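Data block below; observations after.
Note on naming: letters A, B, ... go to the chains in the order of the sequence lines (proteins, then strands), and numbering restarts at 1 for each one. Quick caveat, the model's predicted, so the values are computed rather than measured.
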There are 2 protein chains.
Amino acid sequence: MNRKAQAAKAETPKQTDMLLRQFIGYNMKRAYLQVQEDMARTLEPLGLRVGTFSALAVIMGSPGISQTQLSEVLNIKRSGVVVVVDDLERAGAVERKPVRTDRRAYALHVTQEGSQLWKRAEAAVQAHEAALFTDLEAPEQRALQELLVRAARSAKHTREAGK
Amino acid sequence: MNRKAQAAKAETPKQTDMLLRQFIGYNMKRAYLQVQEDMARTLEPLGLRVGTFSALAVIMGSPGISQTQLSEVLNIKRSGVVVVVDDLERAGAVERKPVRTDRRAYALHVTQEGSQLWKRAEAAVQAHEAALFTDLEAPEQRALQELLVRAARSAKHTREAGK
DNA sequence: TATTGTTATACTCTATAACTATA
DNA sequence: TATAGTTATAGAGTATAACAATA
């Protein structure tokens, strides 16, 4: 890229998206995409993607959970869970154990290897988020957390009420 | 779904994702996905998707913008812009006008029809966000807005510094 | 040589639908 | 009949790479 093009690029951020900035949804999208891209890069060296990282976390926190339950927590379809669990099982992080009371279902468990992987991944993401949000004071980060949770809940309620 | 399954589903929200809730990125994702789904439904009757809505807004705010500039604002590749602009042009909302000084480029302009479409879409999304976030007081909504903008900026700075 | 818009192609994530084996 | 997991397939959104026209 030549000097002229670089200069033009540097000038671009003069808010050509002014009409969009008024929308919470738009700002959510921009913030999310920024963060998610970095998240993926942080997890890659550990052999995880955002989806497998999330699944590993849920199975860690709820040993014995079924794939159907996992699909509800992660808000994806059962068919999508198969791929994610296949991936984690191939990596030796998770096991499908038979359920005595229901031979159709699997109980998902994190292996010892998976447990260690989780610890490393959790620490990596914690460190990464700490670095990522240095421009926000700790109370501001907590405020953001709370507002995001409440916004998601509000949106969910509104949708479910409007059926 | 029978009664037993419904009961099980109703019980599910006992925070099996506890280990994920600590991460801002996770809460951003959940909130964003909730909102984006509703956004898409709001725009559908107007013949718009989230991507074409955003592009229309930017072209409204920056008449004569080129496709390359648009790709930078929207954070997508030039090849992706072609599809979006094709869509808006087919709908009669946007025109590609030749640029005298550069015969390779197009200057994008919103037609009168497109301008009216934008007004309807803007009002629809405003109304929808107002309904969606009723659980948040107006000052909280503003605080969320500001924190999202700063979080995105912080993440961007961190990434660019870490090259 | 570099850039604009374009096309063709591929990849990721997710959804839908049909299937099996159990319940 | 209904459910758990699976498979095959398709769609949306985006990326990469190569191209013609123009700078």
Side-chain angles (χ1 to χ4, degrees), chain A residues 1-9 12 29-30 32-34 36-37 39-41 43-44 48-55 64-72 74-89 94-108, chain B residues 1-9 12 29-30 32-34 36-37 39-41 43-44 48-55 64-72 74-89 94-108:
Chain A
M1 194 185 286
N2 62 31
R3 256 168 277 165
K4 195 174 173 184
Q6 275 186 329
K9 190 170 186 180
T12 307
K29 181 172 182 175
R30 290 198 75 100
Y32 163 65
L33 290 179
Q34 285 288 344
Q36 128 100 25
E37 200 177 315
M39 184 90 154
R41 259 203 296 276
L43 292 171
E44 199 185 4
L48 291 170
R49 287 165 295 121
V50 175
T52 50
F53 171 79
S54 301
I65 192 174
S66 72
Q67 293 188 187
T68 296
Q69 289 172 315
L70 184 55
S71 79
E72 284 161 9
L74 296 178
N75 262 309
I76 57 176
K77 298 294 164 190
R78 293 197 314 270
S79 56
V81 170
V82 175
V83 182
V84 171
V85 174
D86 280 354
D87 199 342
L88 286 169
E89 199 172 41
V94 156
E95 281 176 338
R96 285 172 163 108
K97 292 189 178 173
V99 176
R100 293 176 197 284
T101 55
D102 189 341
R103 288 193 298 169
R104 294 171 305 180
Y106 289 121
L108 302 174
Chain B
M1 195 184 287
N2 62 30
R3 257 168 276 165
K4 194 173 172 184
Q6 276 186 329
K9 190 170 186 180
T12 308
K29 181 172 183 175
R30 289 198 78 100
Y32 163 65
L33 290 179
Q34 286 287 345
Q36 128 99 26
E37 202 176 311
M39 184 90 154
R41 259 204 295 277
L43 292 171
E44 199 185 4
L48 291 170
R49 287 165 296 121
V50 176
T52 50
F53 170 80
S54 300
I65 192 174
S66 73
Q67 294 188 186
T68 297
Q69 288 172 316
L70 184 54
S71 78
E72 285 161 8
L74 296 178
N75 262 311
I76 57 176
K77 298 295 164 189
R78 292 198 314 270
S79 55
V81 169
V82 174
V83 182
V84 171
V85 174
D86 280 353
D87 198 342
L88 286 170
E89 200 172 40
V94 156
E95 281 176 338
R96 286 171 163 108
K97 293 189 178 172
V99 176
R100 294 176 197 283
T101 55
D102 188 342
R103 288 193 298 168
R104 295 170 305 180
Y106 288 121
L108 301 175

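Between R100(B) atom CZ and dT22(D) atom P there is a gap of 17 Å when expressed in whole angstrom units. With rounding to whole Å, E37(A) atom CD is found 12 Å from dA15(D) atom C1'. The interatomic distance linking L43(B) (CG) with dA12(D) (P) rounds to 16 Å, in whole Å. Across the protein-nucleic acid pair, L33(B) atom CG and dG13(D) atom P stand 13 Å apart, rounded to whole Å. Whole-Å rounding puts the I76(B) CD1 to dT16(D) P distance at 13 Å. Going from atom CZ of R96(A) over to atom C1' of dT6(D) covers 9 Å, rounded to whole Å. Counting to the nearest Å, the P atom of dA4(D) and the CD1 atom of I65(A) are 13 Å from each other. Per the geometry, NZ belonging to K97(A) stands 21 Å off P belonging to dA4(D), to the nearest Å.
Taken to the nearest 0.5 Å, the CD1 atom of I65(A) stands 8.5 Å off from the CD atom of E72(A). Separating the CE atom in M39(A) from the CD atom in Q34(A) is a distance of 14.5 Å, to the nearest 0.5 Å. For the atom pair L74(A) CG and R30(B) CZ, the distance stands at 8.0 Å (nearest 0.5 Å).
Taking 4.0 angstrom as the limit, R103(A) places none of its side-chain polar atoms (N or O) nearer than this to OP1 or OP2 of dG5(D). Here Q69(B) does not reach the OP1 or OP2 of dT4(C): none of its side-chain N or O atoms lies under 4.0 Å away. In this structure, T68(A) reaches the dG5(D) phosphate: one of its side-chain N or O atoms is under 4.0 Å from OP1 or OP2. Phosphate contact (OP1/OP2 of dT3(C), side-chain N/O of Q67(B), threshold under 4.0 Å): absent.
Comparing dT6(C), dG5(D), dT22(C) against the side chain of R104(A) picks out dT22(C) as the nearest. Of the listed nucleotides (dA23(D), dA23(C), dG5(C)), dA23(C) has the atom at the smallest distance from the side chain of D102(A).
Of the candidates V83(A), L48(A), L108(A), L48(A) is the only one forming a side chain to side chain contact (heavy atoms under 4.5 Å, CB included) with L88(A).
Map Q36(B) and V99(B) each onto its nearest nucleotide of DNA chain D; the residue landing nearer the 5' end is Q36(B). Of the residues near DNA chain C, A107(B) and T101(A), the one whose nearest nucleotide (by heavy atom distance) lies more toward the 5' end is A107(B). Of the two residues contacting DNA chain D, namely A105(A) and K77(B), the nearest-nucleotide position lying further toward the 5' end is that of A105(A).
Counting all heavy atoms, side chain and backbone alike, G51(B) lies closest to V84(B) at O-CG1, 4.0 Å. Pairing each heavy atom of V99(A) with each of A107(A), the nearest pair is CG2-N, 3.5 Å.
Judged by distance alone, the side chain of E89(A) and the main-chain N or O of R96(A) form a donor-acceptor pair under 3.5 Å.
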Polar atom pairs between nucleotides 7-9 of chain D and protein, under 3.5 Å, N or O only, would you list them?
none

